[in-house]
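Written out below as structure tokens is the structure these notes cover.
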Amino acid sequence: MSDPTPPREPQAALAQRDQLVDARRRPQTPADSAARSEFAGFYETTMPRLVVFVLRHGADIHEAREAAQAAFAQAWERWESIEHPHAWLRTVAFRQLLRLRERPEGPLADTEERPGGVCPVERIELGAQEKLVLKVLAGLPMQQRRAFAWTFDGFTPQETAEALKTTPEAVRQNLARARKSLKQAWETMKEDHQ
């Protein structure tokens, strides 16, 4: 007669399997000081541009800052495994913006300033033209805003199409429509100031 209980794994095999499971769950934050320094430099130069990228999607400054910061927090956890950080951050920041807009509005809590210098976001200064562009973009359909934001940040139509899961032709078409709207708004503003 055979024993109905399955054979037990040896303790060493169980421990090794548990370590593998733990390693998969563990964030891959920058392990050495060089990687942490690289991330800090990347944050310093990229954070303001990422905030403006989110602004181009019709976000207000608070939404843009929160979405960009959340994207960087996720990047920190995966830094050593991200292959294309500029595109990855933009994709994650956009998703964060959508999540922000889905959650119920709550009161804003005052937060005290923490030591450590000035956040790179504080250095963002928008001129009158940029404010006009953001205002016009906020009124455009989302696909036009997205095509404009990615293209303005230096991505090709092919790269933008891959990130947005569409075709380069659709990106070019949405970009052309966004530019047309911007040009019309610019002409109207010039006429109003004459």
Side-chain angles (χ1 to χ4, degrees), residues 22-103 105-135 137-138 142 145-165 171 175 178:
D22 287 345
R24 279 185 248 133
R25 290 186 193 143
R26 200 174 312 133
Q28 298 175 344
T29 56
D32 60 23
S33 61
R36 287 191 297 273
S37 178
E38 175 192 0
F39 182 87
F42 184 76
Y43 175 85
E44 186 76 21
T45 59
T46 307
M47 181 62 167
R49 291 179 57 203
L50 186 60
V51 170
V52 173
F53 174 84
V54 178
L55 285 170
R56 290 185 190 122
H57 286 86
D60 65 33
I61 188 66
H62 302 291
E63 291 172 324
R65 290 174 72 171
E66 190 169 341
Q69 190 61 44
F72 263 104
Q74 289 182 38
W76 171 257
E77 293 176 356
R78 297 167 178 80
W79 184 244
E80 293 184 349
S81 65
I82 298 173
E83 290 184 31
H84 305 287
H86 291 283
W88 188 93
L89 277 167
R90 281 155 180 77
T91 300
V92 173
F94 177 74
R95 288 182 190 147
Q96 289 296 324
L97 174 63
L98 295 179
R99 284 188 192 108
L100 286 172
R101 291 185 168 175
E102 289 174 356
R103 74 178 187 205
E105 195 69 32
L108 296 175
D110 289 336
T111 57
E112 60 184 65
E113 291 296 319
R114 296 184 181 175
V118 177
C119 176
V121 175
E122 300 300 326
R123 292 193 296 267
I124 296 174
E125 293 182 29
L126 300 175
Q129 290 178 351
E130 290 171 304
K131 288 178 183 176
L132 172 67
V133 168
L134 293 175
K135 183 177 179 182
L137 285 173
M142 182 59 77
R145 282 186 257 167
R146 294 183 79 193
F148 181 86
W150 281 83
T151 302
F152 198 82
D153 267 13
F155 290 87
T156 67
Q158 181 65 39
E159 292 168 331
T160 301
E162 289 173 18
L164 302 182
K165 297 185 181 7
V171 170
L175 182 60

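Here the structure is a predicted model, which means the values were calculated and not measured.
The aromatic rings of F72 and F39 sit perpendicular to each other, their planes meeting at more than 60°, with 30° as the lower class boundary.
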Quiz prompt | From CA spacing to verdict: side chain to side chain contact (heavy atoms under 4.5 Å, CB included), I61, V51 | solution = CA-CA 8 Å; I61 188 66; V51 170; 4.0 Å; yes
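Between L164 and A147, the shortest heavy-atom contact is CD1-N, 4.3 Å. The two atoms that bring R101 and A59 nearest to each other are NH2-CA, 3.2 Å, heavy atoms only. A93 and A67 get closest at one heavy-atom pair: O-CB, 3.5 Å. A pairwise comparison of heavy atoms in A178 and F148 identifies CB-CB, 4.3 Å as the closest pair. The two residues L50 and A71 make their nearest non-hydrogen contact at CD2-CB, 4.3 Å.
L137 has its side chain out of reach of L55: every pair of non-hydrogen atoms, C-beta onward, lies at least 4.5 Å apart. Looking only at side-chain heavy atoms (C-beta outward), W76 and R36 come within less than 4.5 Å of each other. E38 places a side-chain heavy atom less than 4.5 Å from the side chain of W79. F94 places none of its side-chain heavy atoms less than 4.5 Å from the side chain of V54. Within the 4.5 Å cutoff, no side-chain heavy atoms of Y43 are placed close to those of L89.
Remark: R56 fails to qualify as a cation-pi partner of F152 under the 6.0 Å distance and 45° angle criteria applied to the six-membered ring.
The backbone N or O of T45 lies less than 3.5 Å from no partner atom in the side chain of R49, so there is not a single donor-acceptor pair. Proximity of a side-chain donor or acceptor of E77 to a complementary backbone N or O of Q74 within less than 3.5 Å is not detected. For R90 (side chain) and H86 (main-chain N/O), a donor-acceptor pair under 3.5 Å exists by modelled atom type.
Taking CG of L134 as the reference point, atom CZ of R145 lies at 11.0 Å (rounded to 0.5 Å). Interatomic distance, H57 NE2 to W150 CH2, rounded to the nearest 0.5 Å: 8.0 Å. Interatomic distance, CZ of R99 versus CD of E63, reported as 14.5 Å (0.5 Å rounding). Within the model, atoms OG1 of T156 and CD of E162 stand 7.5 Å from one another, a figure rounded to the nearest 0.5 Å. For the atom pair CG of D153 and CD of E159, the computed distance is 11.5 Å after rounding to the nearest 0.5 Å.
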